[in-house]
Amino acid sequence: MNETRRALLDALADGPIEGPALADRLDVSRAAVWKQVEALREAGFGIESGDDGYRVVEIPEYGAEAIAFGLEAPYRIEYHDQIGSTNDRARELAETGEADLVVVADEQTGSRGRLGREWIGPSGGVWASLLLRPERPPAEIPVYALAAAVAVARAAREAGAEAVIKWPNDVLLAGEEPTQRKLAGILTEMEGEADRVSWLVVGIGVNANVDAGALPDGATSLREATGDVDRRVFLQRLLETFHDLTGGDTDLHAILDEWRALAATLGQRVRVETPGETIVGEAIDVQFPGSLVVRTDDDERVVHTGDCEHLRPV
Ligand code: BT5
């Protein structure tokens, strides 16, 4: 989507606006405004032109323009009906110098989980990858994944689902263990040097309007829990929360409290498979930038990465 289109969407989101004022605000001719308005109509927007100017009366269900319309976060949107993996596409765009862009797809045919695992991404999900270039040291990057989990959990709660977070960043729907099932997963990938991040891709997959039967065992969807959601609004809220938590020079440490408030892992007996060993104990806290503190029989361990399983209390 070009800059003029994005500026037009922002202007229209503020309320009715007359053609000449729009041309001024966008710094283009009135003919160019008319052309852009026509393009939005073709993209599915209902736009009336009355006495007080252009007014949006209908927003398309999903798509780049729909998601950008009224979005209170500084990201551009690239939308695909179908794609292999939104993370792969975001990485491709990283090589061309893009930033602050979100790749969104209705369906993914080759999406990835962590450690080379497969992610199932049928039509109806919210599959999105944010491409960012944060001016932060690489050591702080794990906290972006926690922020993404917070953003997903909050959006899911707004939609009426009782979402909780399992360390580090799986979002589950609450229920008696072991019936907590996975609603969303997050895959962050980055490139950088010791003290500088070149690019960061935060891939977020939420089983939104998807039949649970299309998903692996242990997975659930918003459709299953609460009924279908408005994916446009869901993704907008998610992106806005994520930006509030991470944008500009906000204090990233504040993410931890938001995470703790939504976490199901703290206070649980857990088994964490790290690359080198298995740690069993009680999860007692999370530490910046996202490490889990586990009290084992012998001492306290700080775990930076791994797969975590909630165990029944002994
Ligand atoms: C994750 O990996 O949970 C990260 C998933 C990230 C997916 C997003 S979608 C947008 C972006 N583009 C991509 O290509 N990826 C990202 P992990 O913790 O490794 O979990 C993977 C495991 O979850 C798999 O081995 C399955 O058991 C299970 N799984 C696969 N698809 C699932 C789904 N749709 N819902 C719940 N669980 C699923």
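Both ligands and their constituent atoms are indexed starting at 1 by order of listing. Worth knowing before you read on, the calculation uses all heavy atoms, side chains too, and leaves out hydrogens, waters and symmetry mates.
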Item to check | Ser111, portion touching ligand 1 at heavy-atom distance under 4.0 Å | outcome: both
Checklist entry - Would the number of heavy atoms belonging to other residues, nucleotides or ligands and lying under 6.0 Å from CD of Glu277 be above 12? => result yes
Checklist entry - For ligand 1, which atoms, with element, lie under 4.0 Å from some heavy atom of Asn87? => result 11 (C), 12 (N), 13 (C), 16 (C)
Checklist entry - Taking non-hydrogen atoms only, is Arg114 closer than 4.0 angstrom to ligand 1 via side chain, backbone, both or neither? => result both
Checklist entry - Would you call Glu240 and Arg237 a salt bridge, using N to O less than 4.0 angstrom? => result yes
Item to check | Residues, nucleotides or ligands: over 12 heavy atoms within 6.0 Å of Asp251 CG | outcome: yes
Item to check | For atom 24 (C) of ligand 1, closest protein heavy-atom neighbour | outcome: Glu118 O, 3.4 Å
Next on the checklist: Minimum distance, heavy atoms only, to atom 29 (N) of ligand 1: which one of Pro216, Ala214, Pro168, Ser129 is it?
Outcome noted: Pro216
Next on the checklist: With heavy-atom distances below 4.0 Å as the criterion, list the atoms of ligand 1 near Ile204.
Outcome noted: 8 (C), 9 (S), 10 (C)
Checklist entry - Counting each atom of ligand 1 from 1 as listed, which ones have a heavy atom of Arg112 under 4.0 Å away? => result 5 (C), 6 (C), 7 (C), 13 (C), 14 (O), 15 (N), 16 (C)
Checklist entry - Side chains of Gln108 and Thr86: do they bring a donor and an acceptor to under 3.5 Å? => result yes
Next on the checklist: Looking at Arg260 and Asp257, is there a salt bridge between them, counting it only when a charged N and a carboxylate O are closer than 4.0 Å?
Outcome noted: yes
Item to check | Arg295/Glu282 ion pair, N-O < 4.0 Å | outcome: yes
Checklist entry - Can you find an N or O of Lys182 that's nearer than 3.5 Å to an N or O of ligand 1? => result yes
Checklist outcome for this item: Here the atoms of ligand 1 under 4.0 Å from any heavy atom belonging to Ser85 are 12 (N), 13 (C), 14 (O)
Checklist entry - Just how far is it from atom CD of Glu300 to atom CG of Asp285, taken to the nearest 0.5 Å? => result 9.0 Å
Next on the checklist: Judged on heavy-atom distance to atom 25 (O) of ligand 1, which of Arg181, Arg117, Glu189 sits nearest?
Outcome noted: Arg117
Item to check | Protein contact of atom 5 (C) of ligand 1 - nearest heavy atom, named by residue and atom, plus distance | outcome: Trp119 CE3, 3.4 Å
Checklist entry - Is the shortest side-chain N to carboxylate O distance from Arg117 to Asp307 below 4.0 Å? => result yes
Checklist entry - How about atom 27 (O) of ligand 1: does it have a protein heavy atom within less than 4.0 Å? => result no
Item to check | Short side-chain to backbone donor-acceptor contact, Arg41 and Ile47, under 3.5 Å | outcome: yes
Checklist entry - Relative to ligand 1, is Asn207 under 4.0 angstrom through side chain, backbone, both or neither, heavy atoms considered? => result side chain
Checklist entry - Which bit of Ile186 is near ligand 1, meaning a heavy atom under 4.0 Å away: side chain, backbone, both or neither? => result backbone
Checklist entry - Just going by heavy-atom distances, which of Val103, Thr220, Ile120, Leu183 is nearest to atom 34 (N) of ligand 1? => result Ile120
Next on the checklist: Classify the ring geometry of Phe288 against His253: parallel below 30°, tilted from 30° to 60°, perpendicular beyond 60°.
Outcome noted: parallel
Checklist outcome for this item: Under 4.0 Å from one or more heavy atoms of Thr86, ligand 1 contributes atoms 10 (C), 11 (C), 12 (N)
Next on the checklist: Is the ring pair Tyr144/Phe242 parallel, tilted or perpendicular, if the boundaries are 30 and 60 degrees?
Outcome noted: tilted
Checklist entry - Any idea which atoms of ligand 1 are less than 4.0 Å away from a heavy-atom of Leu215? => result 34 (N)
Checklist outcome for this item: Taken to the nearest 0.5 Å, the spacing of Ile67 CD1 from Leu9 CG works out to 11.5 Å
Checklist entry - Would you say ligand 1 has an N or O under 3.5 Å from any N or O of Gly113? => result no
Checklist entry - Tell me, do Trp167 and Ser291 make a side-chain contact under 4.5 Å, heavy atoms counted? => result no
Next on the checklist: Can you name the atoms of ligand 1, numbered from 1 with element, that are less than 4.0 Å from a heavy atom of Ala219?
Outcome noted: 35 (N), 36 (C), 37 (N)
Checklist entry - For ligand 1, does Gln108 get within less than 4.0 Å through its side chain, its backbone, both, or neither, judged by non-hydrogen atoms? => result side chain
Checklist entry - Quick one: nearest non-hydrogen protein atom to atom 8 (C) of ligand 1, plus distance? => result Gly205 N, 3.7 Å
